[in-house]
Amino acid sequence: MRYWLMKSEPDEASIDDLANAPERTLPWTGVRNYQARNFMREMKRGDKVLFYASNADPSGVTGLAEIVREAYPDQFALKKGHKYFDEKATPDDTIWVMVDIGWVATFPHIVALETLKEAPGLENMVVTKKGSRLSIQPVTKSEFDIVLKLGK
DNA sequence: GCCAACGTTGGC
DNA sequence: GCCAACGTTGGC
């Protein structure tokens, strides 16, 4: 089992949106970065996800999710006019993929980025590093466990 | 294949 | 809203 961090701006999808969605699952569309896409391709059903709110006040981890459907073609890349349209995508190769995630838990309070930066053991966590813009990041088990504790 | 220009992300 | 840090594009 692997662990991940997935960023979303609250306007796009928040942990509450996930908790209130039908079957408490949401498709994770719109990833248009190759490194992030490649991580999505590695995701397996049951992998755990730290749900991260970016561009928020404050930004931070708001809850837990898990992978309920592994990578499949992101059809929005084919939809002309859609904000996730990519003119290089074809039906045979949409270039981009999405996964479905399921709600697991909403933290009683957000674990702010500042808290993550100060927490012992998270010094090497990708999200705490300067200039880390990647929207999908791998997380180690020990990092995951520390964040879980901070969220309780 | 280099790299300047441009666009985007996301903390602050 | 600013802007640093990145990623991507495209001329050469």
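Every heavy atom of this structure was used, including side-chain atoms; hydrogens, water molecules and symmetry mates were not. Here the structure is a predicted model, which is why all the values come from computation and not from measurement.
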Can you see if the side chain of [X] gets near the phosphate of [N] - specifically, an N or O under 4.0 Å from OP1 or OP2?
| X | N | value |
| --- | --- | --- |
| K129(A) | dG11(B) | no |
| K130(A) | dA5(C) | yes |
| K7(A) | dT9(B) | no |
| S59(A) | dG10(B) | no |

From dT8(B), dG11(B), dT9(C), pick the nucleotide closest to the side chain of K88(A)?
->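 For the K88(A) side chain, the nearest candidate turns out to be dT9(C).
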
Gap between atoms [atom1] and [atom2], on [X] and [N] respectively (whole Å):
| X | N | atom1 | atom2 | answer |
| --- | --- | --- | --- | --- |
| Q137(A) | dG10(B) | CD | P | 9 Å |
| R133(A) | dA4(C) | CZ | C1' | 10 Å |
| D11(A) | dT9(B) | CG | C1' | 15 Å |
| I110(A) | dG11(B) | CD1 | C1' | 13 Å |
| D86(A) | dG7(C) | CG | P | 18 Å |
| Y52(A) | dT9(B) | OH | C1' | 12 Å |

Any idea which heavy atoms bring [X] and [Y] closest together, and the distance?
| X | Y | value |
| --- | --- | --- |
| M1(A) | K48(A) | SD-CG, 3.7 Å |
| V126(A) | S132(A) | O-OG, 3.0 Å |
| V127(A) | Q137(A) | N-OE1, 3.1 Å |

Could you list by number each residue of residues 29-40 of chain A showing a heavy-atom separation from DNA chain C of less than 4.0 Å, or answer none if no residue does?
->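 N33(A), Y34(A), in order of number.
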
Going by heavy atoms closer than 4.0 Å, what residues in residues 89-101 of chain A are next to DNA chain C?
->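 Residues of residues 89-101 of chain A under 4.0 Å from DNA chain C: none.
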
Ionic contact status for K129(A) with E123(A), cut-off 4.0 Å |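 No salt bridge links E123(A) with K129(A).
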
Would you call E42(A)-R2(A) a salt bridge at under 4.0 Å N-O?
->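 Yes, E42(A) and R2(A) are salt-bridged.
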
Base, sugar-phosphate, or nothing: which does K83(A) touch, judged by heavy atoms less than 4.0 Å apart?
->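 Result for K83(A) = nothing.
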
Quick one: side-chain hydrogen bond (donor to acceptor under 3.5 Å, both in side chains) pairs with a partner in residues 143-152 of chain A, sequence neighbours left out?
->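 Every pair satisfying side-chain hydrogen bond (donor to acceptor under 3.5 Å, both in side chains) with a residue in residues 143-152 of chain A: T140(A)-E143(A), K141(A)-D145(A).
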
Any luck finding a side-chain donor-acceptor pair between W28(A) and D100(A) under 3.5 Å?
->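 Checked: W28(A)/D100(A) side chains show no N/O donor-acceptor pair below 3.5 Å.
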
Check the side chains of T29(A) and D74(A) for a donor-acceptor pair under 3.5 angstrom, ignoring hydrogens and angles.
->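 There is such a pair between these side chains.
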
Near-ring test W4(A)/Y52(A), centroid separation under 6.0 angstrom |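 No, ring centres 6.0 Å or more apart.
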
Where each residue is assigned the nucleotide of DNA chain C containing its nearest heavy atom, which of N55(A) and S132(A) is assigned the position nearer the 5′ end?
->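 It is N55(A), whose closest nucleotide lies nearer the 5' terminus.
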
